[in-house]
Amino acid sequence: MISEKEGRALIDRLAQTRTLTRSEWTQLIENRTPALADYLFRRAREIRIRYYGKEIYIRGLIEFTNYCRNDCYYCGIRKSNRSAVRYRLTKKQILSCCETGYRLGFRTFVLQGGEDAWFTDERMLGIISEIRRRWPDCAVTLSIGELSYESYRKFFEAGADRYLLRHETYDASHYARLHPESLSARHRRKCLLDLKEIGYQTGTGFMVGSPYQTAENLADDMLFIKKLNPQMVGIGPFIPHHDTPFADQPAGTLELTLFMLGLIRLLLPKVLLPATTALGTIAEDGREKGILAGANVVMPNLSPEQVRKNYMLYDNKLCTGDEAAESLKKLDARFRHIGYHIAVSRGDSLNT
Ligand code: SAH
C-alpha cells in the first residue's frame, strides 16, 4: 500500500524524470484514488497544453474490410465468428471515403481492417499510391495487422506514412490467454520494431481491463511503451462481444482507462494520444473525459454508412451520431464546451 501523498510523489517524479520502476508503476496503478486521478489529470493537461495547446487532431477512420484470418478471443470480427456479416470495400469506395473526408477537413486517412488476404500487396499498393497521388497533403495511416518486413517496406515506399499496431499486452503468458497459439507477443513486437526501422510513424497500445489483466501487466506495458518510444499510443477499454469466447467477461472501466491515459501523457509528453471510440462507447462523455485526462486525438468514422454496423469489434460500438465523420461540427461543439477544439491539419507527432 502507498498513501495518497506517496502517490502524488510518484506522479511528480514521473512528470520530472519520465520514468518509474516496474514496482512503482504497479503500486501507483493499484493504489489510485479519485483524488490522485484528479491530480494526475491536472498535470497531464498542463503538459498536453504545453506541446499541443488546446487543439484536437482528427483522423478519418476507413474500416475497409472485416474479413480476418485471425481468431483473437476478444474480437468480434474474428475468423470463427460465423454470425459476422462480412464485407470489403472496393478501391473506388475507399477513394470516395477519402474524398468525403478531405472535404470535411480530414488530412489523415486511416485504413483499418482485419487481416484479409484478398488485399494482396499489389492491391494495397494500388490503393496507397492512388491516395498519395490524389491527396499529396494528407497522411496515410495503415492498421492492417502483422505483415512481413517486405510488405511493410513496399507500402512505406508507396506513400504510407504511419502504422498502428497495438502490442495488446507485453506479457507473453497474458498475450497467450487473449490469442490462439498461432499468434505471439514476440512476433507482434517484432512487427513494431520492423515498422519503426522502416521509418513509419508508429502507434502501439493495449486494451484496458482485458480478461486476466493485472496491474503488473499494465506496468510491463508502460515499460515497453517507454522503450519503443512510439509516435502514438492507442488505448481503450476492453468491451465484450457476444459472439466471442469472452462474451461473459467484464468490460474494462472508464476510470482505469482515464488513469492510464494520464500516465501515458506524463510518460511520453509529446505522444499522440487518442480518445478512442471504445472510450466513447462505455460512457457518453468518455471522449471528452479522455481529452481532459491528456488525450489529443479523435478518430471519427469515415466508412460508408451501410457497412459501419458490420465492423463490430465489440458490442454497441458507436457507429452513428457524433463520432461519425459527417458530424464533425457537433463533435467540435462538444469539445469547445470543455475548452478544446478540432484542428484541420495533418497533426504530425512532435515525438520524434
Ligand atoms: N486487425 C488489425 C486492426 C484492427 S482491430 C490489428 O490487428 O492490428 C483494432 C484494435 O481494436 C485492436 O488492436 C484491439 O486492441 C481493439 N479491439 C478489438 N476487439 C476489442 C474489444 N472487444 N474491445 C475493445 N477493443 C477491441
Side-chain angles (χ1 to χ4, degrees), residues 58-72 75-79 81 84-104 106-135 138-148 151-152 154-166 191 195 200-203 205 232 234 236 241 274 276-278 297-314 317-320 323-326 328:
I58 49 171
R59 280 80 171 88
L61 189 59
I62 304 170
E63 299 160 334
F64 69 102
T65 173
N66 72 351
Y67 283 86
C68 192
R69 73 178 119 218
N70 291 329
D71 223 5
C72 308
C75 186
I77 64 168
R78 63 199 299 267
K79 176 176 66 186
N81 181 8
V85 178
R86 305 288 170 171
Y87 73 91
R88 45 175 79 93
L89 301 185
T90 62
K91 180 176 179 183
K92 205 170 147 208
Q93 283 176 305
I94 295 171
L95 294 170
S96 123
C97 293
C98 297
E99 198 170 304
T100 309
Y102 194 88
R103 216 174 328 111
L104 289 165
F106 287 89
R107 295 296 177 267
T108 296
F109 304 120
V110 182
L111 299 182
Q112 190 181 85
E115 293 192 17
D116 179 359
W118 191 87
F119 286 98
T120 56
D121 283 6
E122 208 183 318
R123 287 188 170 125
M124 283 312 298
L125 288 168
I127 295 164
I128 295 163
S129 42
E130 185 63 11
I131 298 177
R132 178 52 55 250
R133 192 185 67 77
R134 285 180 55 182
W135 297 281
C138 291
V140 179
T141 305
L142 300 178
S143 179
I144 50 177
E146 299 175 34
L147 300 170
S148 69
S151 300
Y152 287 152
K154 282 190 274 182
F155 297 165
F156 185 74
E157 278 167 13
D161 315 86
R162 306 178 182 156
Y163 204 103
L164 307 179
L165 185 80
R166 293 182 175 182
C191 290
L195 291 163
Y200 281 98
Q201 297 174 43
T202 304
M232 181 184 260
H241 184 289
T276 54
T277 307
V297 176
V298 286
M299 302 173 70
N301 199 320
L302 267 182
S303 314
E305 186 112 42
Q306 68 275 14
V307 304
R308 280 184 203 168
K309 61 181 180 315
N310 297 328
Y311 198 80
M312 273 298 155
L313 305 178
Y314 43 81
K317 179 166 166 274
L318 289 183
C319 68
T320 56
E323 80 300 331
E326 343 40 288
L328 216 51

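Scope of the values below: all heavy atoms of this structure, side chains included, with no hydrogens, waters or symmetry mates.
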Quick one: are D116 and F64 in side-chain contact, heavy atoms under 4.5 Å?
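Side-chain contact under 4.5 Å: no.
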Might you point out which heavy atoms bring C98 and I131 nearest each other, and give the distance in Å?
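Closest approach of C98 to I131: SG-CD1, 3.9 Å.
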For the pair Y311 and Q112, evaluate side-chain hydrogen bond (donor to acceptor under 3.5 Å, both in side chains) and give the outcome as yes or no after the intermediate values.
CA-CA 10 Å; Y311 198 80; Q112 190 181 85; 2.9 Å; yes
Please enumerate all residues that pass side-chain hydrogen bond (donor to acceptor under 3.5 Å, both in side chains) together with [X], with sequence neighbours excluded.
{"X": "T120", "value": "none"}
{"X": "E115", "value": "R69, N70"}
{"X": "R133", "value": "E130"}
{"X": "R134", "value": "E99"}

Around atom CD of E122, are there more than 12 heavy atoms of other residues, nucleotides or ligands at under 6.0 Å?
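It does not: E122 CD has 12 such atoms or fewer within range.
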Who passes ring-ring contact (aromatic ring centres under 6.0 Å, His included) against [X], sequence neighbours left out?
{"X": "Y152", "answer": "Y163"}
{"X": "Y67", "answer": "none"}
{"X": "F156", "answer": "Y200"}

Using side-chain contact (heavy atoms from CB on, under 4.5 Å) as the criterion, list what pairs up with [X], not counting sequence neighbours.
{"X": "A139", "result": "T108, D161, R162, R346"}
{"X": "R78", "result": "D71, Y73, S80, N81, T244, P245"}
{"X": "M312", "result": "H241, K317, C319"}
{"X": "L125", "result": "K154, F155, A158"}

Sequence neighbours left out, what passes salt bridge (charged side-chain N to carboxylate O under 4.0 Å, His left out) with R107? Give chain and number order.
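For R107 the salt bridge (charged side-chain N to carboxylate O under 4.0 Å, His left out) partners, ignoring immediate neighbours, are D137.
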Any chance you could lay out the side chain to side chain contact (heavy atoms under 4.5 Å, CB included) test for V307 and E63, step after step, and finish with the verdict?
CA-CA 9 Å; V307 304; E63 299 160 334; over 6 Å; no
